[in-house]
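What follows is a single structure, written as structure tokens, with notes after it.
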Protein chains: 2
Amino acid sequence: MEIQEALVDQVLIAIRKIIRAIDLHSRKLIKSCGLTVPQIIVLKEIEKSKAPTVGQIANSVSLSQATITNILTRLEHRGYVTRTQHDDDKRRVVVRTTEKGKEVIGQAPSLLHDKFISSFENLKDWEQLSLISSLQRVAWMMDAEDLEASPVLSPGAVMPIDPYKLELERSLQSNSSKNKEVK
Amino acid sequence: MEIQEALVDQVLIAIRKIIRAIDLHSRKLIKSCGLTVPQIIVLKEIEKSKAPTVGQIANSVSLSQATITNILTRLEHRGYVTRTQHDDDKRRVVVRTTEKGKEVIGQAPSLLHDKFISSFENLKDWEQLSLISSLQRVAWMMDAEDLEASPVLSPGAVMPIDPYKLELERSLQSNSSKNKEVK
DNA sequence: TGTAATTAATTAGAGTACTATATATTCTGC
DNA sequence: GCAGAATATATAGTACTCTAATTAATTACA
């Protein structure tokens with residue numbers, strides 16, 4: 001029982017270290033390319049799904065609408081995106097990248113530390129898959145809370161892991177359509 | 001090569017989902033107990049290491065000193081902690097929990113989702129250890145960047161995993177000294 | 001048709017987190 | 001003892017993120 005608690009603590013500690021590492025990396029990017037990780041993610045999403053609305057971006061990148069509005073305001077001020085009213089539905093705002101915006105994403109660096117990426121690439125295949133599977137599993141276990149009235153988890157039931165295997169396989173099959181930002 | 005990039009993307013996506021889940025949970029805590037996760041972490045740390053200075057707290061919880069000052073200001077306003085000048089070295093500020101502060105940590109809920117914790121506890125032992133090992137490994141791989149002139153990573157070298165085994169074992173041995181916040 | 005409910009985006013307000021800078025204090029070397 | 005270096009904390013400024021409330025536009029239904 002106490003061991004369980006110590007282990008759960010370890011989970012939180014490890015996650016907070018990861019969060020901090022990602023945040024620090026994001027701040028370094030500001031100096032090297034003038035954009036933060038969230039800004040690059042949003043810019044890329046706009047490029048990927050041509051001329052999306054604010055809400056669509058929010059759904060795609062899993063952030064609140066208010067956050068996207070916030071980030072877009074900054075990107076717009078720097079001339080990387082434009083906001084125009086939707087023709088049919090005037091409540092909607094259509095977002096597009098400018099030429100300047102396209103240019104800056106083209107040369108945007110990797111969203112994860114170079115050291116992490118090289119370390120990751122040096123792992124054996126099964127180790128890579130195991131890492132990703134673990135991360136996705138944790139993400140899923142945390143996400144479950146929001147699914148009110150989710151499928152019954154009987155006490156003692158083993159966590160389903162299949163969704164992640166599926167997601168992983170899907171990503172492997174569709175990777176040819178991904179943009180290359182990692183050299 | 002392209003598969004590698006898709007996998008690295010999967011890592012970032014999974015981590016961002018985890019970050020968001022933790023943030024959302026933290027915001028829910030504000031309603032249930034009036035404190036956020038970082039506030040609880042800081043409060044607990046003050047309790048644990050009796051009367052620490054601001055810098056000591058920052059080191060213990062791996063946040064910048066400015067962030068701790070920020071959080072302490074809020075905790076002080078609500079009467080959960082006090083700040084007093086150190087007797088010998090007047091640059092230092094000694095932080096202590098008030099009675100009100102001790103009370104509120106006593107009834108503070110878990111820092112991770114209940115669903116996550118119950119899911120985690122239902123995992124087999126090796127699955128729990130595997131999850132934690134993966135998280136710690138990711139944290140380590142990301143942290144490595146900050147260690148300028150770190151031990152040479154020859155191209156093709158396998159990532160060392162031992163530091164985490166050690167950390168894990170240490171936590172298992174010392175868990176009896178941990179406070180019980182998870183029922 | 002016209003009001004009510006819904007939907008889309010923004011605004012307001014708060015918390016976390018950083019870097020860089022300022023301020024106060026202590027230590028060091030002369 | 002005192003000027004300059006080092007240390008500890010606080011402040012300023014920025015960005016991300018959320019929820020809740022507002023504004024504007026569309027849809028539904030009576």
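Note on naming: letters A, B, ... go to the chains in the order of the sequence lines (proteins, then strands), and numbering restarts at 1 for each one.
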* Structure fact -> Only residue of B/Leu123, B/Ile132, B/Asp125 satisfying side chain to side chain contact (heavy atoms under 4.5 Å, CB included) with A/Leu7 is B/Ile132

* Assign each of A/Thr67 and B/Leu72 to its nearest nucleotide of DNA chain D by heavy atoms, then name whichever residue's nucleotide is nearer the 5' end. => B/Leu72

* Asked: Is there a donor in the side chain of A/Glu45 and an acceptor in the side chain of A/Ser49, or the other way round, less than 3.5 Å apart?
  -> yes

* Across the strands shown, which category fits B/Arg74 at heavy-atom distances under 4.0 angstrom: base, sugar-phosphate, nothing? -> base

* To do: Give one of base, sugar-phosphate or nothing for B/Ile71, where a contact means two heavy atoms less than 4.0 Å apart.
  => sugar-phosphate

* Would you tell me if any nitrogen or oxygen in the side chain of B/Thr53 comes within less than 4.0 Å of OP1 or OP2 on D/dT9? => yes

* Where along residues 29-40 of chain A does a heavy atom come under 4.0 Å from DNA chain D, residue by residue in number order? -> A/Thr36, A/Pro38, A/Gln39

* Check the distance between D/dC16's P and A/His25's NE2 and give it to me in whole angstrom. => 15 Å

* To do: Give a yes or no answer on whether the side chain of A/Asn122 reaches the backbone of A/Ser118 with a donor-acceptor pair at less than 3.5 Å.
  => yes

* Structure fact -> In the 5' to 3' direction, the nucleotides of DNA chain C bounding the stretch that comes under 4.0 Å of a heavy atom in chain A are C/dT7 to C/dA20

* Structure fact -> A/Leu75 CG to D/dA15 P, in whole Å, measures 11 Å

* **Pairing residues for B/Val104 by the side-chain contact (heavy atoms from CB on, under 4.5 Å) criterion, not counting sequence neighbours** => B/Leu35, B/Leu43, B/Tyr80

* Asked: Just how far is it from atom OG of A/Ser110 to atom NE2 of A/His25, taken to the nearest 0.5 Å?
  -> 6.0 Å

* To do: Check the distance between D/dA15's P and A/Ile68's CD1 and give it to me in whole angstrom.
  => 16 Å

* Asked: With sequence neighbours excluded, what pairs up with A/Arg83 under the salt bridge (Lys or Arg N to Asp or Glu O under 4.0 Å) test?
  -> A/Glu76

* Using side-chain contact (heavy atoms from CB on, under 4.5 Å) as the criterion, list what pairs up with B/Val37, not counting sequence neighbours. => A/Arg16, B/Ser26, B/Leu29, B/Ile41, B/Leu111

* Structure fact -> In numerical order, the residues of residues 77-96 of chain A whose heavy atoms come under 4.0 Å of DNA chain C are A/Arg83, A/Arg91, A/Arg92, A/Val93

* Structure fact -> Residues passing the salt bridge (Lys or Arg N to Asp or Glu O under 4.0 Å) test with A/Arg91, sequence neighbours excluded, are A/Asp89

* Would you jot down, in residue-number order, the residues of residues 59-66 of chain B having a non-hydrogen atom under 4.0 Å from DNA chain D? => B/Gln65, B/Ala66

* Structure fact -> Sorted by chain and number, sequence neighbours left out, salt bridge (Lys or Arg N to Asp or Glu O under 4.0 Å) with B/Glu103 holds for none

* To do: State which residues pass side-chain contact (heavy atoms from CB on, under 4.5 Å) with A/Gln56; sequence neighbours excluded, sorted by chain then number.
  => A/Pro52, A/Thr53

* Asked: Which residues pass the salt bridge (Lys or Arg N to Asp or Glu O under 4.0 Å) test with A/Arg20, sequence neighbours left out?
  -> none

* **B/Met142 backbone acceptor or donor facing A/Lys17 side chain under 3.5 Å** => no

* Could you name each residue pair satisfying side chain to side chain donor-acceptor pair (under 3.5 Å) that touches residues 31-42 of chain B, not counting sequence neighbours? => none

* Contact nearer the 5' end of DNA chain D, comparing A/Arg27 with A/Asn70 -> A/Arg27

